[in-house]
Amino acid sequence: MTTVDQAPPPPMRLRELVFGAACAAAVRAAVRLGVADALDDTPMTVDDLAAAVKTEPHTLRRLLRALSCQGVFTEHADGTFAHTEMSRLLREDDPHSLRWIALWCTEPWTWNVWPLLDEAVRSGRNVFEDVYDREFFEYLNEAAPESAHVFNRAMTTSSEQSARDVARLLDLGDVSSVVDIGGGQGHVLASLLEKHPQLTGTLLDLPGVVENADPRLREGGALAGRVQVIAGDCRETIPVTADVYIIKNVLEWDDDSTRRALANVRAAARPGARVVVIENLVDDTPSMRFTTAMDLLLLLNVGGAKHTRQSMTDRLTAAGLVIGEISPVNAYLHAFECTVPG
């Protein structure tokens with residue numbers, strides 16, 4: 001039976017850390033093989049699992065044993081394997097599934113840029129363009145359609161799961177209009193409109209994003225009569241006047257892009273308008289191991305950064321916004337409530 005060591009001594013822990021790539025690769029392999037989907041509520045033998053996912057039993061056992069040591073799957077004394085809370089999150093049908101996030105964080109391009117982290121730290125810029133001779137999103141959309149698909153699914157999953165938390169947090173009962181800036185497919189906006197029947201909303205994002213907007217927001221959708229969908233780049237202009245501006249997981253670019261986006265909010269908004277900025281933080285959060293890792297990945301691929309509470313405060317203040325309450329949305333996100341001054 002495979003057990004999980006909860007508190008290894010420092011030398012063992014460091015050895016585990018430097019083999020972190022093996023752990024990430026094992027999770028990716030399990031997802032691509034469909035192991036979690038093949039394993040239901042009844043424990044299964046390796047032979048039965050191997051037949052279900054079309055692998056060799058002896059190598060599948062090695063994969064499962066490695067994952068079970070991390071708490072992903074568990075091995076019983078009789079040699080069968082069963083689900084854990086973590087392994088269920090790799091299933092396609094789990095309501096809190098992290099399947100696409102797991103794939104996104106281990107896409108092929110990531111293995112080529114991680115070894116250059118020292119160069120990125122030394123220079124302070126992304127190294128992705130050095131490896132692939134093009135900008136990150138250009139590469140995804142033009143040269144890596146499968147990776148672009150994984151990215152879109154991962155972002156959709158993340159947005160759908162956090163949209164309910166955002167709608168639960170924000171009190172919009174006394175406003176009539178809201179715009180979701182860089183709002184992706186509009187899951188947050190749709191959740192807000194469903195909660196507040198008096199609201200009208202605008203979704204603003206790049207053309208290739210909004211053309212795949214949530215069906216509820218598109219023509220014929222349940223919320224279409226209360227929504228306008230605008231294709232555009234918030235770093236160029238924000239052609240919308242509203243009571244509330246929401247900017248979620250957008251201000252992670254280089255400083256100039258962040259400055260331009262916030263300046264465009266100020267230019268578009270009336271005095272007294274609310275600006276709600278929602279971001280992962282790399283401090284003061286239970287998810288620091290995840291957010292600090294994502295912070296390094298942002299440095300590698302786009303030269304961006306996750307924020308500390310102070311760095312986010314500094315940028316919002318520099319944009320001329322008046323910061324009010326800062327509240328946790330969930331274990332991963334914080335909301336900065338701001339107001340446009342008169």
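Residues Leu64 and Leu49 have side chains in contact (heavy-atom distance under 4.5 Å, counting atoms from C-beta outward). Within the 4.5 Å cutoff, the side chain of Arg28 has heavy atoms near those of the Glu107 side chain. For the pair Val188 and Lys248, the minimum side-chain heavy-atom distance is below 4.5 Å. Taking 4.5 Å as the limit, some side-chain heavy atom of Phe336 sits within range of a side-chain heavy atom of Thr313. Looking only at side-chain heavy atoms (C-beta outward), Ile247 and Leu251 come within less than 4.5 Å of each other. Here the side chains of Leu192 and Ile246 are in contact, with some heavy-atom distance below 4.5 Å. Side-chain contact between Ile181 and Val240 is absent, with no heavy atoms from C-beta onward closer than 4.5 Å. In this structure, Leu262 and Leu316 have side chains that are in contact, with non-hydrogen atoms separated by less than 4.5 Å.
If you look at Trp109 and Phe136, their ring centroids are closer than 6.0 Å.
Side-chain heavy atoms closer than 4.5 Å link hydrophobic residues (I, L, V, M, F, W, Y) into clusters, and following such links, even through other members, never connects Leu98 to Phe290. No single ILVMFWY cluster, assembled from side-chain heavy atoms under 4.5 Å apart, contains both Val322 and Val277. There is no path of hydrophobic side-chain contacts, each under 4.5 Å, that joins Val227 to Tyr245. The cluster map of Ile, Leu, Val, Met, Phe, Trp and Tyr, joined by side-chain heavy atoms under 4.5 Å apart, puts Val178 and Ile278 in the same cluster. Cluster annotation: Val210 and Val250 are assigned to distinct hydrophobic clusters (Ile/Leu/Val/Met/Phe/Trp/Tyr, side-chain heavy-atom contacts under 4.5 Å, transitive).
The closest donor-acceptor contact from the side chain of Lys195 to the backbone of Ala167 lies under 3.5 Å. Counting only distance, with no hydrogens or angles, the side chain of Ser87 and the backbone of Thr84 share a donor-acceptor pair below 3.5 Å. In terms of modelled atom types and a separation under 3.5 Å, the side chain of Arg164 and the main chain of Ser191 share no donor-acceptor contact. Asp256 contributes no side-chain N or O that, together with a main-chain N or O of Arg259, makes up a donor-acceptor pair within less than 3.5 Å. With hydrogens and angles ignored, the 3.5 Å screen pairs a side-chain donor or acceptor of Arg266 with a backbone N or O of Ala319. Panel note: side chain Trp100, backbone Thr157; no donor-acceptor pair is recorded below 3.5 Å. Checked by atom type and distance alone, the side chain of Gln198 pairs as donor or acceptor with a backbone atom of Leu172 at under 3.5 Å. A side-chain donor-acceptor contact under 3.5 Å links Glu135 to the backbone of Glu138. At distances below 3.5 Å, at least one donor-acceptor pair connects side-chain atoms of Ser311 with backbone N or O atoms of Thr308. Side chain of Ser97 to main chain of Leu90: no donor-acceptor pair is present (N/O by atom type, distance under 3.5 Å, no hydrogens or angles).
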For the pair Asp37 and Arg99, evaluate salt bridge (charged side-chain N to carboxylate O under 4.0 Å, His left out) and give the outcome as yes or no after the intermediate values. CA-CA 10 Å; Asp37 295 301; Arg99 171 189 176 90; 3.1 Å; yes

Walk me through it: do Arg125 and Asp130 pass the test salt bridge (charged side-chain N to carboxylate O under 4.0 Å, His left out)? CA-CA 10 Å; Arg125 63 177 184 82; Asp130 295 337; 3.0 Å; yes

Between Arg309 and Glu279, is a salt bridge (charged side-chain N to carboxylate O under 4.0 Å, His left out) present by the stated rule, with each step listed? CA-CA 9 Å; Arg309 179 184 291 245; Glu279 289 289 342; over 6 Å; no

Verify side-chain hydrogen bond (donor to acceptor under 3.5 Å, both in side chains) between Glu75 and Ser68, making sure each step is shown before the conclusion. CA-CA 7 Å; Glu75 183 179 9; Ser68 295; 5.6 Å; no

Could you walk me through whether Glu194 and Arg216 satisfy the salt bridge (charged side-chain N to carboxylate O under 4.0 Å, His left out) test, starting with their C-alpha distance in whole Å, then the side-chain angles of each, then the deciding distance to 0.1 Å, before giving a yes or no? CA-CA 10 Å; Glu194 288 182 336; Arg216 291 172 291 178; 3.0 Å; yes

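Only one option out of Leu170, Ile326, Leu169 pairs with Glu337 in a side-chain contact (heavy atoms from CB on, under 4.5 Å); it is Leu170. Partner of Asn280 under the side chain to side chain donor-acceptor pair (under 3.5 Å) criterion, chosen from Thr292, Asn249, Thr291: Asn249. Between Arg88 and the choices Asp93, Asp41, Asp40, the salt bridge (Lys or Arg N to Asp or Glu O under 4.0 Å) rule is met once, by Asp41.
Between the side chains of Asn264 and Thr237, no donor N or O sits under 3.5 Å from an acceptor N or O. Checked by atom type, the side-chain pair Asn330/Asp165 shows a donor-acceptor distance below 3.5 Å. A side-chain donor-acceptor contact under 3.5 Å links Asp78 and Thr80. A donor-acceptor contact closer than 3.5 angstrom is absent between the side chains of Thr156 and Ser159. Of the N and O atoms on the side chains of Thr45 and Asp48, at least one donor lies less than 3.5 Å from an acceptor on the other residue. Asp243 and Ser176 share a side-chain donor-acceptor pair at under 3.5 Å. Judged by distance alone, the side chains of Tyr132 and Asn112 do bring a donor and an acceptor atom under 3.5 Å apart.
The two atoms that bring Ser158 and Ile101 nearest to each other are CB-CD1, 4.2 Å, heavy atoms only. Annotation for His307 and Asp283: closest pair O-OD1, 4.5 Å, computed over non-hydrogen atoms. Taking both residues in full, the closest heavy atoms of Leu204 and Cys234 are given as CD2-CB, 4.3 Å, listed atom of the first, atom of the second, then distance. Across Ala305 and Asp295, no two heavy atoms sit closer than the pair CA-OD1, 3.4 Å. Across all their heavy atoms, Gly184 and Asp205 have their closest contact at N-OD2, 2.7 Å.
Cation-pi geometry between Arg235 and Trp253 is satisfied (NZ or CZ under 6.0 Å from the ring centre, within 45° of the ring normal).
Environment of CZ in Arg134: crowded, with over 12 heavy atoms of neighbouring residues, nucleotides or ligands closer than 6.0 Å. Within a 6.0 Å sphere centred on CZ of Arg15, heavy atoms belonging to other residues, nucleotides or ligands number 12 at most.
The aromatic rings of Tyr139 and Phe128 stand perpendicular to each other, their planes meeting at an angle above 60°, with 30° marking the opposite boundary.
A salt bridge does not link Asp255 to Arg260: none of the charged nitrogens lies less than 4.0 Å from a carboxylate oxygen.
The hydrophobic cluster containing Leu206 also includes Val209, under a criterion of side-chain heavy atoms closer than 4.5 Å among ILVMFWY residues, counted directly or through chains of members.
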